[in-house]
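Written below as structure tokens is the structure these notes are about.
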Amino acid sequence: MRGFLTGYLCILGTVLLTVYGQLVIKWQIIKAGAFPEGITERVWFLLRMVFNPWVISCLAAAFLAFLLWMVAMTRFELSHAYPFVSMSFVVVLVLSGLFFHESITVPKLLGVLLIMSGIIVGAQG
């Protein structure tokens with residue numbers, strides 16, 4: 001039982017760290033402004049983003065998510081664990097609406113419901 005709990009906590013950590021990375025990168029891109037037109041400006045834009053401490057924290061979060069996912073894979077079959085990763089779609093949809101005032105439309109909500117239904121079915125094992 002303890003192994004399963006550890007596995008589920010690792011899956012949860014993977015999802016939360018993934019969501020963190022997506023939200024922080026979007027936040028930093030909004031702050032940085034539009035992608036420049038010229039090639040030189042584009043290179044400098046991307047270099048500034050790569051060395052941005054917040055973006056670096058996203059890379060660290062992605063690496064930690066990777067490590068947690070490896071632990072989760074020692075506890076579950078991939079076909080059981082992987083559907084839970086799609087919970088990140090649900091969390092990103094809700095939080096992007098809250099933080100970035102992105103639209104949460106009926107089609108998006110229906111899509112999320114379909115994803116959640118798939119998670120329930122897929123996790124049944």
Side-chain angles (χ1 to χ4, degrees):
M1 184 62 154
R2 203 168 123 227
F4 282 111
L5 181 60
T6 300
Y8 285 118
L9 288 174
C10 287
I11 291 171
L12 177 63
T14 300
V15 170
L16 293 176
L17 288 164
T18 300
V19 169
Y20 168 84
Q22 296 302 311
L23 294 174
V24 169
I25 285 176
K26 177 64 177 179
W27 169 49
Q28 290 303 297
I29 290 295
I30 290 170
K31 284 180 62 174
F35 195 56
E37 292 296 321
I39 188 72
T40 304
E41 292 84 8
R42 286 181 175 186
V43 169
W44 284 114
F45 178 91
L46 291 173
L47 283 173
R48 277 194 315 274
M49 293 309 301
V50 166
F51 292 105
N52 176 313
W54 285 105
V55 174
I56 292 170
S57 79
C58 294
L59 294 171
F63 183 72
L64 185 53
F66 159 72
L67 295 176
L68 290 173
W69 187 249
M70 286 197 301
V71 173
M73 290 297 91
T74 68
R75 306 288 197 250
F76 301 113
E77 292 181 359
L78 179 61
S79 61
H80 175 76
Y82 197 67
F84 290 100
V85 175
S86 62
M87 285 301 294
S88 63
F89 297 127
V90 177
V91 179
V92 166
L93 174 69
V94 171
L95 294 179
S96 66
L98 289 173
F99 293 137
F100 307 123
H101 308 290
E102 294 183 2
S103 63
I104 300 177
T105 63
V106 171
K108 286 181 184 178
L109 289 173
L110 289 174
V112 165
L113 288 174
L114 287 171
I115 290 169
M116 292 173 72
S117 299
I119 291 168
I120 292 167
V121 171
Q124 294 303 311

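Fair warning: this is a prediction, and the values are worked out from it, not measured in the lab.
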Are [X] and [Y] packed together at the side-chain level, in the sense that at least one heavy-atom pair is separated by less than 4.5 angstrom?
X	Y	result
T18	V85	no
F76	Y8	yes
L47	V43	yes

| query | Parallel under 30°, tilted from 30 to 60°, perpendicular over 60°: which one fits the rings of H80 and F84? | reply | perpendicular
Across all chains, not counting sequence neighbours, the ring pair (Phe, Tyr, Trp, His ring centres under 6.0 Å) partners of F66 are F63
Who passes ring pair (Phe, Tyr, Trp, His ring centres under 6.0 Å) against F35, sequence neighbours left out?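 Partners of F35 by the ring pair (Phe, Tyr, Trp, His ring centres under 6.0 Å) criterion, ordered by chain and then number, come out as F45.
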Transitively linked via ILVMFWY side-chain contacts under 4.5 Å: W69 with V15?
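Yes; tracing contacts between hydrophobic side chains, which count when under 4.5 Å, links both residues.
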Worksheet item: Under a single-linkage definition using a 4.5 Å side-chain heavy-atom cutoff for Ile, Leu, Val, Met, Phe, Trp and Tyr, are M87 and L78 assigned to the same hydrophobic cluster?
Response: yes
Inter-residue atom distance [X].[atom1] - [Y].[atom2], 0.5 Å rounding:
X	Y	atom1	atom2	value
M49	W54	CE	CH2	12.5 Å
T14	M70	OG1	CE	10.5 Å
L5	R75	CG	CZ	10.0 Å

Residue pairs passing the side-chain hydrogen bond (donor to acceptor under 3.5 Å, both in side chains) test with at least one member in residues 36-49, sequence neighbours excluded, are none
Side-chain polar contacts of residues 89-111 - donor-acceptor pairs under 3.5 angstrom, sequence neighbours left out - could you list them?
residue	atom	partner	partner atom	Å
S96	OG	V92	O	2.9
S96	OG	L93	O	3.0
S96	OG	E102	OE1	3.3
S103	OG	K108	NZ	3.4
T105	OG1	K108	N	3.3
K108	NZ	S103	O	2.9

Between L17 and A61, the two heavy atoms sitting closest are CB-O, 3.7 Å
(Q) Please give me the minimum heavy-atom distance between C10 and V71, naming the atom from each residue. (A)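 Looking at all heavy atoms of both residues, the shortest contact is SG-CG1, 3.5 Å.
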Kindly list each side-chain donor-acceptor pair under 3.5 angstrom involving residues 112-121, sequence neighbours excluded, with atom names and distances?
residue	atom	partner	partner atom	Å
S117	OG	L113	O	2.9

N/O donor to acceptor pairs below 3.5 angstrom from side-chain atoms of residues 19-33, sequence neighbours left out:
residue	atom	partner	partner atom	Å
Y20	OH	S57	OG	2.6
Q28	OE1	N52	ND2	2.7

